[in-house]
Number of protein chains: 2
Amino acid sequence: MTVSGVKQALTDSEILREISDAIIEGRLAPGEKLGQDELGKVFGVSKTRIRPILHRLTDQKIVVIEPMRGAFVARPSVEEARTVNAARQIIEEGVIRAATRMARPKDLKALREIVAQEHEARSSHMAGSAHRLTGEFHCELARITGNEVVADIVRDLVARDNLVVALYQRPNAAGCSLDGHASLIDRIADGDEDAAAHAMRHHLQDVMASLDLGQRKPPSKPLASAFAHLGAGPK
Amino acid sequence: MTVSGVKQALTDSEILREISDAIIEGRLAPGEKLGQDELGKVFGVSKTRIRPILHRLTDQKIVVIEPMRGAFVARPSVEEARTVNAARQIIEEGVIRAATRMARPKDLKALREIVAQEHEARSSHMAGSAHRLTGEFHCELARITGNEVVADIVRDLVARDNLVVALYQRPNAAGCSLDGHASLIDRIADGDEDAAAHAMRHHLQDVMASLDLGQRKPPSKPLASAFAHLGAGPK
DNA sequence: GCAACAAAAATCGTATACGATTTGAAAAAA
DNA sequence: TTTTTTCAAATCGTATACGATTTTTGTTGC
């Protein structure tokens with residue numbers, strides 16, 4: 001019963017995605033340190049391959065590198081939070097308009113399925129899942145356009161916004177955006193492009209308003225348990 | 001009179017931008033080989049620092065890496081060309097709507113200035129400049145939103161589209177999109193958001209239609225002269 | 001007991017080194 | 001002459017090594 005686990009040579013992109021997913025899903029908290037040697041051991045490679053990957057994540061703005069100090073999961077400032085949200089209002093207006101024009105019954109079904117899962121996650125008090133699913137809804141919306149480039153852009157924006165939410169959400173986070181998503185689906189089903197666009201803008205504004213931008217949570221400490229599912233033994 | 005030139009330690013991001021600009025401005029043609037050692041010599045660093053930068057450009061889709069063969073300036077397929085153009089229609093619809101809502105007189109002036117420069121470049125038969133300015137118009141439009149995230153996204157899309165144009169433009173490239181930009185400005189000046197959005201979609205469709213997707217130009221050969229302005233002497 | 005300083009440990013950033021793979025050319029066969 | 005085969009040169013991908021900087025620890029003084 002040797003450790004085995006990942007061992008069979010992950011590609012750079014796979015490692016990138018692994019770290020990226022860990023951040024998006026909240027298994028790596030904002031501010032957490034991403035040591036090169038440490039990550040290298042986790043994935044069974046040398047830090048020579050980790051470094052470039054960290055820089056790539058820096059381009060996606062979900063990791064920051066402080067010279068001679070190392071890489072950390074990004075902790076977006078209030079200003080950045082506002083900018084990203086504003087960007088989403090601009091970009092996703094185009095997305096929901098296109099989606100409204102192209103949506104087919106099975107697309108609406110997929111969206112409603114996600115909302116249902118969101119409800120389930122909320123009622124089960126699984127904050128992590130609810131978090132992830134909220135973003136997934138917007139990604140699925142982008143997928144309706146059938147355009148991979150658009151889907152990737154939305155995914156990046158959602159990832160950054162997830163960090164914002166992780167940092168600034170109010171302790172007693174009420175189910176803020178649930179009805180928001182449901183009514184978005186209704187507008188799309190109506191085929192009313194203008195109404196859908198309007199609803200999207202307000203939905204994103206609502207999400208922003210539900211945050212407490214006054215104080216961001218302090219950086220936390222531990223790493224490593226975030227990759228438990230990989231089965232890589234430490235040391 | 002030693003070589004001097006760049007010598008004073010460029011940062012990774014500066015090198016990245018240098019290569020990126022060279023590609024966008026057409027000094028590096030699609031398909032051109034980007035050797036690691038070669039680029040390292042150009043910038044006076046080891047290939048250890050070049051490699052990650054090439055991977056970052058890969059994420060931007062303006063460079064492709066073929067395993068064990070090296071990095072090349074991307075040569076987007078017809079399918080990718082269509083996808084990027086469709087993405088621009090979706091994204092830039094949101095952008096021009098936001099820009100129309102926010103545009104101030106000085107913004108319109110900046111846009112008209114770019115169109116004027118485009119005319120000048122065309123009449124001077126400076127194809128390269130005209131090319132760059134066409135993209136610059138859309139970037140300036142994005143800048144009107146005052147949102148850096150949006151501006152970066154549009155810049156990336158424009159960069160990819162520039163490669164598409166470089167590959168598929170017709171030999172006798174007529175001034176296709178000149179009036180397109182002028183009428184976009186008029187719609188913005190009117191404050192008619194829907195008309196502006198409609199004009200943008202058709203403008204991008206026109207650009208696409210002006211291409212000859214039947215045959216893409218073959219890969220060309222030489223490198224190195226693209227970075228002459230840096231003053232780095234080759235060996 | 002706490003603050004300040006000094007030394008040691010850990011970590012980062014880059015260059016160099018080396019095995020693996022591909023490319024190109026030279027030589028041999030048809 | 002053309003094709004195939006073989007071998008050398010060039011290039012890529014990764015690990016290791018080493019100087020530079022930061023962080024931590026341990027000690028001293030107050």
Side-chain angles (χ1 to χ4, degrees), chain A residues 6-19 28 31-59 63-75 218-224 226-227 232 234-235, chain B residues 3 6-19 28 31-59 62-75 218-224 226-227 232 234-235:
Chain A
V6 209
K7 292 315 172 195
Q8 64 275 13
L10 287 85
T11 181
D12 286 5
S13 297
E14 287 170 338
I15 296 176
L16 178 85
R17 186 57 175 259
E18 205 64 57
I19 300 176
L28 288 170
E32 200 148 339
K33 165 128 201 197
L34 301 171
Q36 313 185 146
D37 287 325
E38 194 171 6
L39 284 171
K41 289 216 171 52
V42 168
F43 293 103
V45 298
S46 177
K47 68 174 182 180
T48 311
R49 284 180 61 192
I50 297 296
R51 265 185 60 75
I53 293 171
L54 258 14
H55 275 91
R56 293 212 264 164
L57 291 168
T58 293
D59 287 339
V63 164
V64 295
I65 292 183
E66 302 183 22
M68 281 299 165
R69 292 210 47 245
F72 305 83
V73 179
R75 303 178 68 240
S220 58
K221 298 286 97 176
L223 181 153
F227 300 102
K235 154 66 173 321
Chain B
V3 185
V6 210
K7 292 314 172 196
Q8 64 275 15
L10 287 86
T11 179
D12 285 4
S13 297
E14 287 168 338
I15 296 176
L16 178 85
R17 187 56 176 260
E18 205 66 55
I19 300 175
L28 288 170
E32 200 147 340
K33 166 125 199 202
L34 301 171
Q36 314 185 145
D37 287 326
E38 195 171 7
L39 285 170
K41 289 212 172 52
V42 169
F43 294 104
V45 299
S46 177
K47 70 173 181 179
T48 312
R49 285 181 60 192
I50 297 296
R51 264 186 61 74
I53 292 171
L54 257 15
H55 275 91
R56 292 211 264 164
L57 290 168
T58 292
D59 287 339
I62 60 180
V63 165
V64 295
I65 292 183
E66 303 182 23
M68 282 299 166
R69 293 211 45 244
F72 304 83
V73 179
R75 303 178 69 240
S220 58
K221 298 284 95 174
L223 182 153
F227 299 103
K235 160 57 174 321

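All values below come from the heavy atoms of this structure, side chains included, with hydrogens, waters and symmetry mates left out. Given the structure is predicted, the values throughout are model-derived calculations rather than measurements. Each chain gets a letter, A, B and so on, in the order the sequences are listed, and its residues count up from 1.
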Practice problem: Between A:Met68 and A:Ser46, name the one whose nearest nucleotide on DNA chain D is closer to the 5' end. | Solution: A:Ser46
Nearest to the [X] side chain among [options], which nucleotide is it?
| X | options | result |
| --- | --- | --- |
| B:Lys47 | D:dT14, D:dA15, D:dT22 | D:dT14 |
| A:Gln36 | C:dT22, C:dG13, C:dA15 | C:dG13 |
| B:Val45 | C:dA15, C:dT22, D:dT22 | C:dA15 |

Please report the distance, rounded to the nearest Å, between [atom1] in [X] and [atom2] in [N].
| X | N | atom1 | atom2 | value |
| --- | --- | --- | --- | --- |
| B:Ile65 | C:dT21 | CD1 | C1' | 16 Å |
| A:Leu39 | C:dC12 | CG | P | 9 Å |
| A:Ile50 | D:dA15 | CD1 | C1' | 13 Å |
| A:Lys33 | D:dT23 | NZ | P | 8 Å |
| A:Asp37 | C:dA10 | CG | P | 11 Å |
| A:Glu38 | C:dA9 | CD | P | 20 Å |
| B:Ile15 | C:dT14 | CD1 | P | 9 Å |
| B:His55 | D:dC12 | NE2 | P | 12 Å |

Sub-4.5 Å side-chain heavy-atom contact between [X] and [Y]:
| X | Y | result |
| --- | --- | --- |
| A:Phe72 | A:Arg75 | no |
| A:Ile19 | A:Leu57 | yes |
| A:Val42 | A:Glu18 | no |
| B:Leu34 | B:Leu28 | yes |
| A:Leu54 | A:Ile50 | yes |

Exercise. Ignoring backbone atoms, test whether B:Arg49 places a side-chain nitrogen or oxygen under 4.0 Å from the OP1 or OP2 oxygen of C:dA15.
Key: no
Exercise. Answer yes or no: does a side-chain N or O of A:Arg51 lie under 4.0 Å from OP1 or OP2 of C:dT14?
Key: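 So the side chain of A:Arg51 is within the cut-off, an N or O lying under 4.0 Å from OP1 or OP2 of C:dT14.
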Practice problem: Could you check A:Thr48 against A:Arg69 and say which one's nearest nucleotide on DNA chain C is further toward the 5' end? | Solution: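 It is A:Arg69 whose nearest nucleotide is closer to the 5' end.
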